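One structure is given below, encoded as structure tokens.
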Amino acid sequence: VPGRMFYEERTSGENQFKLYTRTGWNAPAQLLLDPDSLIGADGAPVAINFYAPSPEGRYVAIGISHGGSENASIHVIETATGKDLGLSIPRARFGFVAWHDNEDGFYYNQLKERPAGSDPTLMYEDSQIRLHLLGTDPAKDPVVFGTDAAHGVDIGHEKIPMLGLQYGDPRVFGLVVDGVER
């Protein structure tokens, strides 16, 4: 992000890292997210699991985890105003968010929804790379890679799909991760 920095900071006595941005080394810091402000009725802590600024820094996607979980919900904040766009994409995993060059949307990895009481060992099976365009319903985000992708390649239920891309390059590379295998 040219000229803009994003970073986490926690001072002595604070429970969680907060997310800040600034436009240069000597510019004042702008608080974007204090996870302690999101603690729910159950009192469990909330933490920033990952974050990904858009290419020009207009937005930042933030993975927020609840109660020590590594699973996150993706939220998006407009950097200039600090406004949360009201988006919440559940079951985001592996800290993967990759923005379009024009900042209109991003790719992310999502675990499949499982019925209550499902075998917990199935949690990581059939994860999918989806595309979210800002302003649309995330429940309708198309699968672009992984299980059930239209015109996709069958990568197997136990494999983890990822994408590799470089800003400014029109190519996107599909990566298949074996998880815990060598």
Side-chain angles (χ1 to χ4, degrees), residues 1 4-10 16-21 30-42 44-114 123-149 159-167 172-175 177 179:
V1 177
R4 179 174 288 279
M5 296 176 276
F6 293 84
Y7 61 96
E8 290 179 276
E9 182 175 278
R10 181 179 73 182
Q16 299 292 337
F17 284 91
K18 298 175 183 178
L19 181 63
Y20 293 89
T21 187
Q30 174 191 352
L31 176 64
L32 291 176
L33 180 66
D34 177 358
D36 284 340
S37 69
L38 302 175
I39 292 176
D42 64 358
V46 175
I48 297 170
N49 190 313
F50 57 86
Y51 63 93
S54 61
E56 296 298 320
R58 183 173 177 198
Y59 303 104
V60 62
I62 306 169
I64 299 173
S65 297
H66 183 84
S69 172
E70 291 183 4
N71 290 325
S73 293
I74 298 173
H75 297 256
V76 176
I77 293 177
E78 184 179 48
T79 306
T81 63
K83 178 185 172 192
D84 186 320
L85 298 186
L87 175 69
S88 181
I89 300 175
R91 301 180 318 281
R93 191 62 182 205
F94 309 116
F96 174 76
V97 170
W99 284 89
H100 279 171
D101 283 351
N102 65 6
E103 301 180 306
D104 70 341
F106 55 87
Y107 299 100
Y108 63 95
N109 187 295
Q110 186 177 50
L111 300 178
K112 275 202 150 179
E113 188 168 15
R114 303 283 181 199
M123 179 170 83
Y124 299 109
E125 287 192 356
D126 300 315
S127 72
Q128 302 168 323
I129 298 295
R130 292 179 174 265
L131 171 61
H132 179 72
L133 298 177
L134 296 179
T136 65
D137 180 359
K140 296 179 182 174
D141 287 351
V143 177
V144 296
F145 189 47
T147 307
D148 300 330
K159 306 294 184 188
I160 300 167
M162 293 290 187
L163 292 182
L165 64 149
Q166 179 70 34
Y167 297 124
V172 176
F173 298 92
L175 307 169
V177 179

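Just so it is clear, the model here is predicted, and its values are computed rather than measured.
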* Check the surroundings of atom CD in Glu9: do more than 12 heavy atoms from other residues, nucleotides or ligands lie under 6.0 Å from it? => yes
* Would you say Gln166 has more than 12 foreign heavy atoms packed within less than 6.0 Å of its CD? -> no
* To do: Find out whether Ile89 and Asp141 are in side-chain contact, i.e. whether some heavy atom of one side chain is under 4.5 Å from a heavy atom of the other.
  => yes
* Step-by-step side-chain contact (heavy atoms from CB on, under 4.5 Å) determination, Leu19 to Val60 -> CA-CA 10 Å; Leu19 181 63; Val60 62; 4.3 Å; yes
* Asked: Rounded to the nearest 0.5 Å, what separation is found between the CD1 atom of Ile77 and the OG atom of Ser54?
  -> 12.0 Å
* Asked: Considering all heavy atoms of both residues, which atom of Asn49 and which atom of Ser65 are nearest to each other, and what is their separation?
  -> ND2-OG, 2.8 Å
* Asked: Can you tell me how far CD of Glu78 sits from NZ of Lys83, rounded to the nearest 0.5 angstrom?
  -> 6.5 Å
* Asked: Hey, which of Tyr51, Trp99, Tyr59 is the one that makes ring-ring contact (aromatic ring centres under 6.0 Å, His included) with Phe106?
  -> Trp99
* To do: Give, for atom OH of Tyr20 and atom CG of Leu33, the distance between the pair rounded to the nearest 0.5 Å.
  => 10.5 Å
* First locate atom NE2 of His66, then atom CG of Leu38, and finally report the distance between them rounded to the nearest 0.5 Å. => 10.5 Å
* Asked: Would a 4.5 Å heavy-atom cut-off, applied to side chains only, mark Glu125 and Lys112 as touching?
  -> no
* **Over-ring placement of Arg130 relative to Tyr108, 6.0 Å and 45° cut-offs** => no
* To do: Using a strict cut-off of less than 4.0 Å between a Lys/Arg side-chain nitrogen and an Asp/Glu carboxylate oxygen, indicate whether Arg114 and Asp126 qualify as a salt bridge.
  => yes
* Which atom pair, heavy atoms only, marks the closest approach of Thr136 to His132? -> O-CE1, 3.1 Å
* **Minimum heavy-atom distance Leu32-Gly82, with the two atoms named** => CD2-CA, 4.3 Å
* Structure fact -> Looking only at heavy atoms, the pair that brings Phe50 and Ala72 closest together is CE2-CB, 3.8 Å
* Asked: Is there side-chain contact between Met162 and Phe145, with at least one heavy-atom pair below 4.5 Å?
  -> no
* Would you say Gln30's side chain and Thr79's backbone share a donor-acceptor pair under 3.5 angstrom? -> yes
* CG on Leu165 to CG on Asp101, rounded to 0.5 Å -> 8.0 Å
* Asked: Shortest non-hydrogen contact from Pro35 to Ile48?
  -> CG-CG1, 3.8 Å
* To do: Check whether any side-chain heavy atom of Leu133 sits under 4.5 Å from a side-chain heavy atom of His100, and report yes or no.
  => yes
* To do: Over all heavy atoms of both residues, which pair between Glu103 and Gly57 is shortest? Give the atoms and the distance, please.
  => OE2-N, 3.2 Å
* Do Asn71 and Arg93 have a side chain donor and acceptor closer than 3.5 Å? -> yes
* Side chain to side chain, Leu31 and Lys18, heavy atoms closer than 4.5 Å -> yes
